[in-house]
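In what follows, a structure is listed as structure tokens, so that the remarks can point back to it.
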Amino acid sequence: MITFRRALVPLTLLAVPLLPLRAQDGGSVWVLDEARGGFCVWYLTDPELAPKFLPKGGVARTAAQVEGLPPMLQRVVQDEPRFQAWVPAVLCIGRYASVQVDGRQMDRAKDADRPVLVTWQAIAAESPLGVNGAGWLLTHLGGDAPMLERAAGNSTVAFRGRELRNNRVQDGEAEGEPADAWEFRVDGVKLFWNGRQIGDMRVGETRMMSFGYAGARTTLWGVEIDMAPGHERTAIGSLRVEGKNDLANALKGSPVRAIGPAQLGGRTTVTFRRPGQ
């Protein structure tokens with residue numbers, strides 16, 4: 001399930017006392033503050049390929065069963081009925097000023113061009129891994145955040161190191177906005193993004209999603225991600241995919257790859273619970 005609401009005012013950093021990590025009580029809360037232009041890539045997975053991303057016995061949810069998909073995906077599904085049977089998936093590349101875990105400050109951005117990177121990837125599924133109420137299987141969680149990676153390991157949350165190479169393009173500017181060239185690698189796939197943010201700032205739209213996730217040492221988690229950017233701007237550009245594995249084939253085979261708006265400011269909260277809690 002995906003739900004939306006408008007963030008009426010920009011969110012601000014809160015002073016939180018330092019607390020011990022809650023690895024023992026079976027839960028954890030991550031707070032990712034002040035988004036710096038990250039976005040999500042939404043796509044449709046061929047129903048013949050989708051089972052390769054699901055655990056044994058897992059059941060995918062089709063585009064016809066998922067509400068709140070980005071407008072570009074909705075139009076494709078409405079215009080071509082065969083895509084109603086395809087399975088929505090998403091890859092989010094988040095860039096933040098800082099991250100806290102259970103009230104303890106972890107990683108901070110080194111400078112404006114080197115934010116804290118946290119990424120996740122998911123596919124629509126029915127009660128994935130037995131997590132009732134969850135509508136998505138979280139297949140990947142990672143980033144460039146060494147202290148967060150260590151804290152995640154202490155609480156058996158699988159978190160894999162990732163790298164995002166970001167180069168500011170100086171020529172070919174439009175509307176006074178410099179373009180970005182990103183290179184991102186995940187699970188044997190290379191993603192190359194060339195684009196820019198355009199248009200006026202607008203109030204951020206919150207997206208809430210629930211997941212089942214297989215953590216470290218056979219641990220299962222129910223995960224909720226609440227993305228609440230203070231503002232958003234439209235992101236336009238081109239996304240090139242290189243690779244030959246299942247993920248690359250899913251991205252290349254999608255009839256559309258919808259780039260979500262660039263997220264700016266605000267806060268993303270990631271809550272981990274044991275199933276049933």
Side-chain angles (χ1 to χ4, degrees), residues 2 4-13 31-43 68-74 88-99 108-122 142-145 162-186 191-209 225-241 251 254 256-270:
I2 310 173
F4 299 90
R5 67 174 182 271
R6 287 289 181 182
L8 298 181
V9 295
L11 298 177
T12 56
L13 291 172
V31 176
L32 315 175
D33 269 313
E34 295 297 318
R36 293 187 172 180
F39 57 75
C40 295
V41 181
W42 296 82
Y43 57 100
L69 292 174
M72 188 177 293
L73 265 66
Q74 293 183 30
V90 62
L91 170 62
C92 291
I93 301 173
R95 308 195 303 171
Y96 302 95
S98 66
V99 57
R108 282 188 173 276
K110 297 178 177 63
D111 54 48
D113 292 325
R114 291 184 295 173
V116 178
L117 174 70
V118 179
T119 73
W120 58 93
Q121 177 186 336
D144 185 4
R162 302 293 182 204
E163 181 182 2
L164 179 69
R165 298 179 181 178
N166 183 24
N167 298 310
R168 187 73 66 179
V169 178
Q170 297 301 325
D171 52 356
E173 296 184 2
E175 298 185 15
E177 298 293 341
D180 277 331
W182 294 3
E183 177 183 342
F184 178 65
R185 302 186 183 192
V186 55
L191 302 178
F192 299 89
W193 163 258
N194 284 278
R196 56 174 50 85
Q197 299 173 25
I198 64 169
D200 295 333
M201 291 275 194
R202 58 184 181 272
V203 175
E205 189 172 51
T206 294
R207 180 183 293 270
M208 301 177 65
M209 301 177 68
I225 297 181
D226 184 345
M227 290 176 282
H231 294 89
E232 295 175 342
R233 293 187 74 193
T234 299
I236 62 169
S238 63
L239 180 70
R240 179 165 56 91
V241 180
L251 285 162
S254 177
V256 62
R257 294 193 294 261
I259 305 299
Q263 299 181 352
L264 302 163
R267 168 170 290 180
T268 292
T269 304
V270 186

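The first residue of the sequence shown is numbered 1, and numbering continues consecutively from there.
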*Kindly determine whether F184 and F192 satisfy side-chain contact (heavy atoms from CB on, under 4.5 Å), including the steps that lead there.*
CA-CA 7 Å; F184 178 65; F192 299 89; over 6 Å; no
*Chi angles and distances behind the side-chain contact (heavy atoms from CB on, under 4.5 Å) call for Q121, V186*: CA-CA 10 Å; Q121 177 186 336; V186 55; 4.1 Å; yes
_Step-by-step side-chain contact (heavy atoms from CB on, under 4.5 Å) determination, H231 to R202_ = CA-CA 5 Å; H231 294 89; R202 58 184 181 272; over 6 Å; no
*Given V41 and V90, is the side-chain contact (heavy atoms from CB on, under 4.5 Å) satisfied, shown in steps?*
CA-CA 6 Å; V41 181; V90 62; over 6 Å; no
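Side-chain contact between P261 and Q197 is absent, with no heavy-atom pair separated by less than 4.5 Å. Side-chain contact check for L32 versus V116: every heavy-atom pair is 4.5 Å or farther apart. Between V31 and V99, every side-chain heavy-atom pair lies at or beyond the 4.5 Å cut-off. Counting only heavy atoms from C-beta outward, the side chains of R162 and D144 never approach each other to under 4.5 Å. Between T268 and I225, the closest side-chain pair of non-hydrogen atoms falls below 4.5 Å. Side-chain contact between I236 and I259 is absent, with no heavy-atom pair separated by less than 4.5 Å.
The two residues A235 and A262 have their closest heavy-atom pair at CB-N, 4.2 Å. Taking each heavy atom of P115 and A109 in turn, the nearest pair found is CA-CB, 3.7 Å. Of all heavy-atom pairs between P229 and E205, the closest is CD-O, 3.8 Å.
For the atom pair CD (Q263) and OH (Y96), the distance works out to 6.0 Å, reported to the nearest 0.5 Å. Atom SG of C92 sits about 10.0 Å away from atom CZ of F39, to the nearest 0.5 Å. Distance CZ/R114 to CZ/R36: 11.5 Å, rounded to 0.5 Å. Atoms CE and OG1, on M227 and T269 in that order, are 11.0 Å from each other to the nearest 0.5 Å. Atom CG of L191 and atom CG of L251 lie 6.0 Å apart (nearest 0.5 Å). Atom CD1 in I93 sits 8.5 Å away from atom SG in C40 (nearest 0.5 Å).
Look at R267 and D33 and you find a salt bridge, because one of the NZ, NE, NH1 or NH2 atoms lies within 4.0 Å of a carboxylate O, short of that distance.
Within the 3.5 Å criterion, the main-chain N or O of L69 finds a donor-acceptor partner in the side chain of Q74.
Because its NZ or CZ atom is not both nearer than 6.0 Å to the ring centre of Y43 and within 45° of the ring axis, R257 does not count as a cation-pi partner of that residue.
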